[in-house]
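Residue numbers begin at 1 in each chain, while the letters A, B, ... track the order of the sequences.
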Amino acid sequence: EAGVAQSPRYKIIEKRQSVAFWCNPISGHATLYWYQQILGQGPKLLIQFQNNGVVDDSQLPKDRFSAERLKGVDSTLKIQPAKLEDSAVYLCASSLLGLAGTYNEQFFGPGTRLTVL
Amino acid sequence: RKEVEQDPGPFNVPEGATVAFNCTYSNSASQSFFWYRQDCRKEPKLLMSVYSSGNEDGRFTAQLNRASQYISLLIRDSKLSDSATYLCVVLPSGSARQLTFGSGTQLTVLP
């Protein structure tokens, strides 16, 4: 079974530039997550989608970050303009849509490693 | 105070050693607990869930103490392939249900 796909794998940009990341979740997974993982830290959730709706974006810096999942499958995360502190690995994960009160394992993609100079 | 705290290590142990990692969490309403493994420059992968009664998977044993808000992972007979960062992960109860990750504990198993 194919896993979560992400592209690009690496991106180097200068501060104030824009960048976009793409994620294709596991087929059939209704829930999609974007995480930011700064070096030496655990992943931090940025946004969670259920189908094409946003479940939680409370930790997304909305002045510069945006994300969409228009057709409920693929998703893009954009940063505009980038800052030095945005240097991190951006991980996409997906999971099945579970019943209330249940947890379904999240499967992570390989991530996009962003360096902002 | 961080929601999930772990000793960052690094832990450097010889092959065959037993090593234990600890984790504390601040939200007493947390419902589910996990250990994830992350290899260098790779994505996190679920290692095992942690149950109140304690659970074992081969050489790995996970335990939860809800009263002390403490989670542990024990690795017996360490292998070179166990070298990785181990992330303690907590899932709160309620509708939000967002995984909260610790910063991870780095393990290197030496030949």
Side-chain angles (χ1 to χ4, degrees), chain A residues 2-7 9-10 21 23-26 30-50 53-60 88-115, chain B residues 1-10 21-27 29-52 55 57 64 71 73 84-107:
Chain A
V4 176
Q6 290 189 246
S7 68
R9 294 294 310 277
Y10 304 91
F21 313 127
C23 173
N24 181 240
I26 293 173
T31 309
L32 185 147
Y33 313 79
W34 282 103
Y35 288 87
Q36 180 192 59
Q37 186 173 22
I38 293 172
L39 186 64
Q41 299 181 20
K44 182 186 83 171
L45 181 71
L46 293 175
I47 188 167
Q48 177 185 346
F49 290 96
Q50 189 164 293
V54 175
V55 173
D56 184 357
D57 63 357
S58 58
Q59 298 193 83
L60 187 73
V89 176
Y90 291 84
L91 293 161
C92 179
S94 70
S95 68
L96 292 168
L97 179 61
L99 297 173
T102 64
Y103 169 73
N104 287 303
E105 181 181 351
Q106 293 183 26
F107 295 86
F108 286 82
T112 296
R113 186 173 298 272
L114 173 67
T115 301
Chain B
R1 182 185 173 187
K2 291 183 180 178
E3 291 185 65
V4 180
E5 293 206 57
Q6 296 183 248
D7 181 344
F21 305 137
N22 303 319
C23 167
T24 57
Y25 60 96
S26 60
N27 185 350
S30 297
Q31 182 178 25
S32 303
F33 309 88
F34 311 93
W35 284 100
Y36 273 69
R37 171 193 169 128
Q38 187 169 26
D39 292 310
C40 187
R41 293 181 170 266
K42 299 285 188 180
E43 69 272 22
K45 292 183 179 179
L46 180 64
L47 178 66
M48 59 196 302
S49 301
V50 187
Y51 304 117
S52 296
N55 50 300
D57 183 1
L64 166 65
I71 305 160
L73 177 68
T85 295
Y86 291 83
L87 298 162
C88 178
V89 186
V90 171
L91 181 67
S93 59
S95 59
R97 303 187 65 74
Q98 316 299 356
L99 292 180
T100 301
F101 287 79
S103 295
T105 299
Q106 186 180 342
L107 171 67

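- Neither the backbone nor the side chain of B/Gln106 comes within contact range of chain A; no heavy atoms are under 4.5 Å apart.
- Between chain A and the residues B/Ser49, B/Gly104, B/Pro44, the largest count of heavy-atom pairs under 4.5 Å involves B/Pro44.
- To the nearest 0.5 Å, atom CZ of residue A/Phe21 and atom CG of residue A/Leu114 are 4.5 Å apart.
- Side chain of B/Gln6 to main chain of B/Cys88: a donor-acceptor pair is present (N/O by atom type, distance under 3.5 Å, no hydrogens or angles).
- Between the A/Gln6 side chain and the A/Gly111 main chain, a donor and an acceptor come within less than 3.5 Å of each other.
- Of the atoms belonging to B/Leu87, it is side-chain heavy atoms, and not backbone ones, that fall under 4.5 Å from chain A.
- For A/Phe107, no part sits under 4.5 Å from any heavy atom of chain B, backbone or side chain.
- For B/Glu43 and B/Gln38, the side-chain atoms include no donor-acceptor pair closer than 3.5 Å.
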